[in-house]
Colleague: 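Just dropping this structure here.
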Amino acid sequence: MSYVHYSALSLIRHGLSGQRYWPRLWRDAQPKASYDVLIVGGGGHGLATAYYLAAEHGLRNIAVIEKGWLGGGNVARNTAIVRSNYLLPESSSLYDRALRLWESMAHDLNYNVMFSQRGVVTLAHTEHDLLKVRQRVEANRANGVESEFLDLPALKRFVPILNTDRNVRFPILGASLQRTAGIARHDAVTWGYARALQRLGVDIIQNCEVNGFDVERGRIKGVRTTRGAILAQKVCLSVSGHSSILAAMAGFRLPITTRVLQAFVSEPVKPLLDTVVMSSTLHIYVSQSDKGEMVFGLAPDRYPGYGPTGSFHILEQSMRNVCAYFPMLRRLRMMRQWSGIIDASADGSPILGKTPVDGLYINTGWGSGGFKATPAAGWVMAHTIARDEPHALNAPFSLDRFRTGHLMDELGAGAVAH
């Protein structure tokens with residue numbers, strides 16, 4: 001795959017033209033009457049699913065439909081953390097596959113997604129925390145996932161600005177570290193996939209909201225949208241925050257709860273934190289963006305809802321904890337706050353695979369862990385759709401597990417919420 005190189009003259013031309021000569025990354029397509037595969041949801045997971053269907057399984061008559069504009073949903077409403085240090089072997093295998101795909105994504109898409117493997121630190125504040133952190137480190141190693149334990153002196157050397165004083169309310173006793181984890185630029189991921197789909201001939205249809213499904217004798221025949229009916233042999237739902245609504249339209253229920261998840265960023269400052277710091281006890285995670293902004297992730301609201309703002313007491317409590325462990329950030333001014341809507345499953349693990357409707361597939365239930373899994377979620381769903389059977393990586397995460405009782409209990413194994 002060749003990379004595009006621009007001369008200094010062409011860069012000046014693009015910069016002074018008011019974007020007049022800038023090529024579009026993707027075509028805003030008009031819906032056709034029918035498709036082989038229709039992906040509902042133009043976020044990272046939906047785009048990745050379409051990409052792997054086209055790039056690895058050779059399908060071309062595919063469309064991705066998005067109710068708003070591309071990149072305007074939850075794919076841009078997260079803190080862009082990527083890691084794979086989950087507890088269960090099935091979870092760590094899925095997320096580690098995602099991490100491997102993250103490492104090659106810029107080359108595969110011929111687009112810089114700004115993936116930075118700066119490491120993720122998970123703090124332990126109590127003896128119980130310490131036991132769980134050590135347990136997860138050993139479990140990760142047994143599963144082939146890179147992870148290590150940091151005692152207090154090693155942690156202080158790795159994160160010098162962290163307050164490790166014993167007199168704080170929840171003193172830090174140690175931490176785990178996954179050095180290969182990090183962050184990525186979420187909007188660049190959207191643009192990179194969309195650009196690749198344009199090259200592969202996949203339709204991207206914006207402002208196209210689904211308001212019903214056509215099902216005959218238990219099999220999907222198509223969807224009804226605000227831009228008309230579209231026939232499809234197979235349909236995949238990849239709509240974080242609205243999965244239960246669409247599932248109800250198709251005639252089945254999901255074991256998920258929808259909640260609001262907040263984040264906020266500060267004014268930009270010079271580089272001072274070159275890793276990601278997380279605390280499940282304090283429900284915060286902190287990193288610094290490439291622009292210098294301090295990025296703060298919070299716990300989800302404690303009650304279900306679709307509100308666009310989130311609860312103020314969550315924001316206040318998180319700010320208090322940030323100031324306690326990063327005292328030098330106290331005088332920073334906050335620039336903006338935002339919220340995303342997450343679908344969290346009953347056992348804290350995703351739901352990936354078939355539904356009770358033949359030909360209808362679903363990708364949901366990630367809680368706050370969806371962004372980091374983006375490429376692997378698309379990869380396994382593409383396999384499942386193309387072959388009508390799950391890949392070994394997503395077979396344990398079927399919807400059917402809630403009927404059989406073979407749950408994938410990851411609740412509490414991930415920092416913050418999931």
Side-chain angles (χ1 to χ4, degrees), residues 3-4 6 8 11-12 14-16 18-19 22 25 43-44 47 69-83 99 102-103 105-107 109-121 158-162 178-195 261-279 284-298 308-310 315 318-319 321-323 325-340 368 370-372 374-375 415-416:
Y3 286 82
V4 178
Y6 291 104
L11 287 174
I12 293 172
H14 286 313
L16 297 178
Q19 304 182 4
W22 289 18
L25 292 182
L47 295 172
W69 69 91
L70 202 66
N74 282 340
V75 68
R77 294 176 176 270
N78 58 75
T79 51
I81 296 172
V82 176
R83 62 184 179 90
L99 186 57
W102 276 109
E103 291 174 333
M105 186 182 292
H107 179 272
L109 300 181
N110 191 19
Y111 199 88
N112 184 11
V113 297
M114 301 175 72
F115 178 46
S116 170
Q117 292 179 283
R118 59 185 62 188
V120 170
V121 172
F158 193 74
V159 192
I161 69 169
L162 189 63
Q178 185 180 19
R179 294 182 184 271
T180 53
I183 61 174
R185 179 74 179 268
H186 42 210
D187 46 6
V189 173
T190 305
W191 302 333
Y193 274 127
R195 181 172 178 262
L261 184 67
Q262 297 185 69
F264 59 97
V265 298
S266 76
E267 60 185 328
V269 292
K270 292 182 178 180
L272 53 86
L273 182 64
D274 58 358
T275 189
V276 181
V277 178
M278 315 180 74
S279 170
I284 57 170
Y285 41 109
V286 184
S287 64
Q288 188 170 19
S289 74
D290 293 313
K291 295 189 293 183
E293 303 161 333
M294 300 304 300
V295 183
F296 306 94
L298 286 62
T309 55
L315 184 64
S318 300
M319 289 289 286
N321 291 330
V322 165
C323 291
Y325 293 93
F326 296 94
M328 67 186 305
L329 304 182
R330 287 176 178 270
R331 298 180 64 184
L332 279 182
R333 291 173 295 182
M334 296 301 108
M335 286 208 312
R336 61 187 179 275
Q337 173 269 354
W338 68 91
S339 298
S368 62
F371 178 77
K372 63 179 69 68
T374 296
V416 188

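Counting begins at 1 with the first residue of the sequence.
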Colleague: Check whether any side-chain heavy atom of V286 lies under 4.5 Å from a side-chain heavy atom of Y325, and answer yes or no.
Modeller: no
Colleague: Take W191 and V113 through the test side chain to side chain contact (heavy atoms under 4.5 Å, CB included) and record every step on the way to the result.
Modeller: CA-CA 9 Å; W191 302 333; V113 297; over 6 Å; no
Colleague: Output all residues satisfying salt bridge (Lys or Arg N to Asp or Glu O under 4.0 Å) with R77, sequence neighbours left out; order by chain, then residue number.
Modeller: none
Colleague: Ignoring hydrogens and geometry, is there a side-chain-to-backbone donor-acceptor pair from R83 to T180 under 3.5 Å?
Modeller: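 Such a contact is absent between R83 side chain and T180 backbone.
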Colleague: Is there a donor-acceptor pair closer than 3.5 Å between any side-chain N or O of S339 and the backbone N or O of T309?
Modeller: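 Here the side-chain-to-backbone pair exists.
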Colleague: Does W338 form a side chain to side chain contact (heavy atoms under 4.5 Å, CB included) with V265? I'd like the steps, not just the answer.
Modeller: CA-CA 9 Å; W338 68 91; V265 298; 3.5 Å; yes
Colleague: Using a 3.5 Å distance criterion without hydrogens, assess whether the side chain of N78 forms a donor-acceptor pair with backbone atoms of V75.
Modeller: yes
Colleague: Return the minimal non-hydrogen interatomic distance between W102 and P375, and the atom names on each side.
Modeller: NE1-CD, 3.4 Å
Colleague: Using side-chain heavy atoms (C-beta onward) and a distance below 4.5 Å, is I284 in contact with L298?
Modeller: no
Colleague: Which heavy atom in R118 sits nearest to a heavy atom in F158, and how many Å separate them?
Modeller: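 In this case the closest contact between R118 and F158 is O-CZ, 4.3 Å.
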Colleague: Rounded to the nearest 0.5 Å, how far apart are NZ of K372 and OG1 of T79?
Modeller: 7.5 Å
Colleague: Contact between V276 and V121 at the side-chain level, heavy atoms closer than 4.5 Å - yes or no?
Modeller: no
Colleague: Closest heavy-atom contact between V82 and V120?
Modeller: O-CG2, 4.2 Å
Colleague: Taking the side chain as every heavy atom from C-beta outward, state whether F264 and V295 have any atom pair closer than 4.5 Å.
Modeller: no
Colleague: Please identify each residue that fulfils side chain to side chain contact (heavy atoms under 4.5 Å, CB included) with A76, with sequence neighbours left out.
Modeller: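 For A76, no residue satisfies side chain to side chain contact (heavy atoms under 4.5 Å, CB included) once neighbours in sequence are set aside.
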Colleague: Just do the side chain to side chain contact (heavy atoms under 4.5 Å, CB included) check on Y285 and F296 with the steps written out, would you?
Modeller: CA-CA 6 Å; Y285 41 109; F296 306 94; over 6 Å; no
Colleague: Name all residues meeting the side chain to side chain contact (heavy atoms under 4.5 Å, CB included) criterion together with L332; count only those two or more places apart in sequence or in a different chain, and write none if there are none.
Modeller: S266, E267, V269, M294, L329, M334
Colleague: Calculate, to the nearest 0.5 Å, the distance between atoms CZ and CE belonging to F115 and M105 respectively.
Modeller: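 Going from CZ on F115 over to CE on M105, the span is 8.5 Å.
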Colleague: Does the pair D274/R179 count as a salt bridge with the N-to-O cut at 4.0 Å?
Modeller: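 Salt bridge flag = no for R179 with D274.
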Colleague: Taking the side chain from Q288 and the backbone from L272, do they hold a donor-acceptor pair closer than 3.5 Å?
Modeller: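 Indeed, once roles are kept as given, a pair shorter than 3.5 Å links the two residues.
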Colleague: Taking the inter-plane angle between the rings of F371 and H186 on a 0 to 90° scale, is it parallel (under 30°), tilted (30 to 60°) or perpendicular (over 60°)?
Modeller: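 Rings of F371 and H186: perpendicular, over 60°.
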Colleague: Working to the nearest 0.5 angstrom, can you tell me the gap between L162 CG and S279 OG?
Modeller: 10.0 Å
Colleague: Keeping E293 on the side-chain end and M335 on the backbone end, is there a donor-acceptor pair under 3.5 Å?
Modeller: no
Colleague: What are the two closest heavy atoms between L109 and R195, and how far apart are they?
Modeller: O-NH1, 3.8 Å
Colleague: Kindly compute the distance separating CD (Q117) from CD (Q178), expressed to the nearest 0.5 Å.
Modeller: 9.0 Å
